[in-house]
Amino acid sequence: MSAAAKDDTKENARDISADAPRTISSHLDLDTPEKPYLDSNELIINMGPQHPATHGVLRVILKLDGEKVLGTECVIGYLHRGVEKIAENRTYAMFNPYVDRMDYVAAVSNGLGYCEAVEKLLNVEAPPRADYIRVILTELNRMASHQLWLGTHALDIGAMTPLFYTFRDREEILKIFEKYCGARLTTHAFRIGGCLYETYAGFEKDVQKFLTFVAPKIDEYEELLTTNRIWLERTKNVGVISGEHCIALGVTGPVLRASGVKWDLRKAQPYAAYAKFDFEVPTGENGDTYDRYLVRMEEMRQSLRIIEQAVNSIPEGPIMAKVPKVIKPPVGEIYHSIEAPKGELGYFIVSDGSTQPYRVRVRPPSFVNLQALDVMVRGLLVADVIAVIGTIDIVLGEVDR
Amino acid sequence: MPNFIMSYLGSTVTPGEAGNQFWALVYILIIFAGVSLAVVAMNWFERKALAHFQIRLGPMRVGPHGLLQPIADAIKLMLKEDIIPAEADQFVFWVAPLIGLLAAFTVYIVIPFGPSQAVSDMNIGVLFMLGVSSLGVLGIVVAGWASNSHYPLIGALRSSAQMVSYEVAMGLAVVSAVLMTSMNDKGTGTLSMIGIVEAQQRQGVWFIFKFFPLGFIAFVCFVIAMIAETNRAPFDMAEAESELTAGYHTEYSGLRWSLFMLAEYAAMIAVSSIAVTLWLGGWLRPFPNLLQAPAWDFVFSLFPGLTFGALAAIAVIGALRMPAHFYFKVQRIGLAAFAALLGLIALYLLVIAIAGRSSDATVAARFRDGIDYVYWFLFKVALFMYLFIWLRATWPRYRFDQLMRVGWKVLLPITLVVLILTAVVGVMVS
């Protein structure tokens, strides 16, 4: 290597370390004010990545006028692990556990979406019993995800106690997962083509017991919050977003439904065994934080209904479809999406006919929903930013992937 | 016992009034140590009570049932590195926690634990109390400003706005209580804290029940304002962990941080003491007018001993229920020793209550009365402390603008109307 080239490298290195601009490009006009900040009218605050209420490592740059929010800018990527890229170097079956690490509070849903997408690509169908097991576990996971959301959301707004109640009850769900597949959080519960494990002895009884256990607990959460004056004041008319706005931004899940749009993939394009069950899709009217709270509370009850029906009518039979040992889907591409607890979770998989996917693209609900943050919080106060981050229900593992 | 101690125990006035500076100093030291100890106890109790609200156990490892946890925490805080941020205003940063602490502790000068169990009986006691307790906000504002950081600054601004607005409602509620003292035979009121309790004794009614529901409304308004004043949940906007990381003390660490905590808890006890003095009859035992017979006096004088007895019993049960594992052997011995200590105190108090009754010696009788007074006062304050924890465990946090709205648009008009009505009713009655 010549001396000139070496110098060049050196210069480049210095460019990156010392002279690289310290500010990030942003629509907020983040130029350092020339006056010290106490004299300036606008305050620019970094909320996160280390902050007790940004649900992990979300960094929100707030532009404030006193306490009023003039604008926000989300900086993400602190938890980026390149999950989509990893997929290109793994076989289809090997990539399956990775999807659990995206939305780690709803790992079962992630696995379901991925498995079904690959099944579609392979043109196989999971047997009915596997579908039922999938529905039961996925709905249990929806409960768990909503419980975790409720606890942390309430904690963000200042109510400490619901967190512990929801965690106590979520524990029962995790116990069922643990008994079923040995893992509590990142379960890897399903395999391409069905389920690997048959339900353990007493699975139905455990689930039934959980149903009777948790129904009054949901009332208990509601007792603490639903009619609480402070809770009402903190959530009503906070973070309002209209249905049109939601659709324009691609927002899905409870956030969309709370804005009055009745869109649930379980009903709209039923997957697994959802077509066989009778359940309601709760919607809100105002699209505010309180409506999103009510929608999720009702969804928990609807999940219980689905689980009850599934457990009572679970068919006998095989749990694994005939899938080749080496999964080699034909050349083609597929987009399959399911209704994860947080919204539409889609997998776009391109196959080049080899054992490894050519490209996997995930459409994570948290990532898309997070776009709505700026729309929701403009003109509100700092405290509302926290409430709105909580109500969008993001998981940073999924946002950053 | 030396003569001068006995002479003081038989005294009927506060050291301040007697001009006895030595005893005033002793009292100040006792109060300082007592409040610090109470803060430590409160720390443990809050963690345990909060834990039980939240189906947890709370501290369990350091000492039996975590009894030594506050001490461990104190040692940890003292050993921690004391960071002063480079950009901070060094001197102001240094002095801020002291201001808060000073304000919180100075209020205790006028708080009457009994008719003569106070450092001083100032004739402007209420005014002094309001003035000094509102100085506490200065420590917070100064701390937020000196940190030269965003979150503390916002916390400090919130806190100052909050305290200024709740001070008004608080003051008006206090005035309506002061007004009630003037409904006596002479027609003159008093601002002295001892005078206020004595007025309740003379009129035979605690001010919370006087002109029902006027006194009660004023009391409730005061309690709301005092929770806001001490920055406790659901008004803990200045700290607001989930919003401002730690609010005004984000940049503080170690001993300095613990001084803020000490000031916060001392302020909580102080404002509760004020509420007890103004509305709940201060050191007076319950039902002073309904159950007047000397026999009832005797029954109520047994309460201090019985309370400690109950605590001792709880400790004994705790010791018996310890698991059999070797690890818990030391803990069991420790808890048993603690139970024995509580039991001895209980025994002593019971002996005093019974023996003091039969003896005619003024000193012994007054000593027994003093214990009763202090006991009932602290008992009522303890109920307030529980209320603080209860609220913290139950409610979400108000938003800043809502808090101001409650202060200015709800509490202020209510306290104003109550004040006017109290005056009108008072004039009509007398």
Side-chain angles (χ1 to χ4, degrees), chain A residues 36-38 42-48 50-55 61-62 64 66-68 151-169 171 217 220 223-225 228-238 289 293 380-387 389-390, chain B residues 46-47 49-58 87 89 144-159 161-162 224 227 232-247 250 389-406 410:
Chain A
Y37 75 88
L38 281 180
E42 288 163 3
L43 204 62
I44 288 170
I45 285 195
N46 254 318
M47 191 179 268
Q50 285 106 2
H51 188 277
T54 53
H55 292 224
I61 302 174
L62 296 173
L64 302 177
E67 286 238 7
K68 206 171 150 200
T152 50
H153 182 44
L155 183 68
D156 288 348
I157 294 186
M160 304 164 76
T161 309
L163 179 81
F164 295 95
Y165 290 3
T166 56
F167 267 62
R168 169 193 62 194
D169 306 336
E171 190 66 24
K217 303 290 185 205
E220 196 180 309
E223 216 166 279
L224 270 172
L225 298 172
N228 185 320
R229 267 196 75 91
I230 303 177
W231 182 258
L232 287 172
E233 291 198 19
R234 282 303 302 275
T235 53
K236 278 220 157 163
N237 294 321
V238 168
T289 304
Y293 159 76
L380 301 183
L381 303 177
V382 178
D384 295 326
V385 177
I386 301 299
I389 291 175
Chain B
E46 175 163 28
R47 292 170 73 167
L50 207 55
H52 290 178
F53 273 114
Q54 301 170 343
I55 46 167
R56 297 182 284 129
L57 287 175
E87 296 286 311
D89 187 322
W145 181 80
S147 301
N148 200 0
S149 170
H150 288 122
Y151 288 124
L153 184 72
I154 294 182
L157 289 177
R158 283 179 173 191
S159 173
Q162 174 181 338
I224 295 172
I227 295 167
R232 290 284 299 183
F235 303 111
D236 55 344
M237 234 92 351
E239 288 160 42
E241 197 202 339
S242 56
E243 296 157 27
L244 303 178
T245 46
T250 305
I389 300 169
W390 190 6
L391 292 180
R392 187 177 169 199
T394 316
W395 282 345
R397 183 183 300 118
Y398 260 114
R399 202 172 62 205
F400 183 60
D401 57 326
Q402 292 159 353
L403 171 91
M404 300 302 272
R405 204 189 60 222
V406 171
V410 180

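The sequence lines fix the lettering, A, B, ..., with proteins before strands; numbering per chain opens at 1. Remember, it's a predicted structure, so these values are computed and weren't measured experimentally.
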Nearest heavy-atom neighbours spanning [X] and [Y]:
X	Y	answer
B:F53	A:Y165	O-OH, 3.0 Å
B:W395	A:N228	CD1-ND2, 3.2 Å
B:R399	A:A383	CG-CB, 3.7 Å
A:F164	B:R56	CE2-CD, 3.2 Å

If one checks every heavy atom of A:V385 against chain B at 4.5 Å, the contacting part turns out to be neither

OG1 of A:T161 to CD1 of B:I55, rounded to nearest 0.5 Å, is 9.5 Å

Taken to the nearest 0.5 Å, the spacing of A:L64 CG from B:I154 CD1 works out to 5.5 Å

Fill in: Backbone N/O of B:Q402 and side chain of A:E233: donor-acceptor pair under 3.5 Å
no

For A:A154, the side-chain contact (heavy atoms from CB on, under 4.5 Å) test, sequence neighbours excluded, returns A:A159, A:P162, A:L225, A:W231

So for atom NZ, which belongs to A:K68, do other residues, nucleotides or ligands contribute more than 12 heavy atoms lying within a distance under 6.0 Å? no

| field | Note, B:R397 side chain near A:I386 side chain (heavy atom, < 4.5 Å) | value | no

Checking A:L380, A:L381, A:D384 against B:D401 for side chain to side chain contact (heavy atoms under 4.5 Å, CB included), the one that qualifies is A:L381

So, the part of B:L157 with a heavy atom under 4.5 Å from chain A: the answer is neither

Honestly, the part of B:R392 sitting under 4.5 Å from a heavy atom of chain A is both

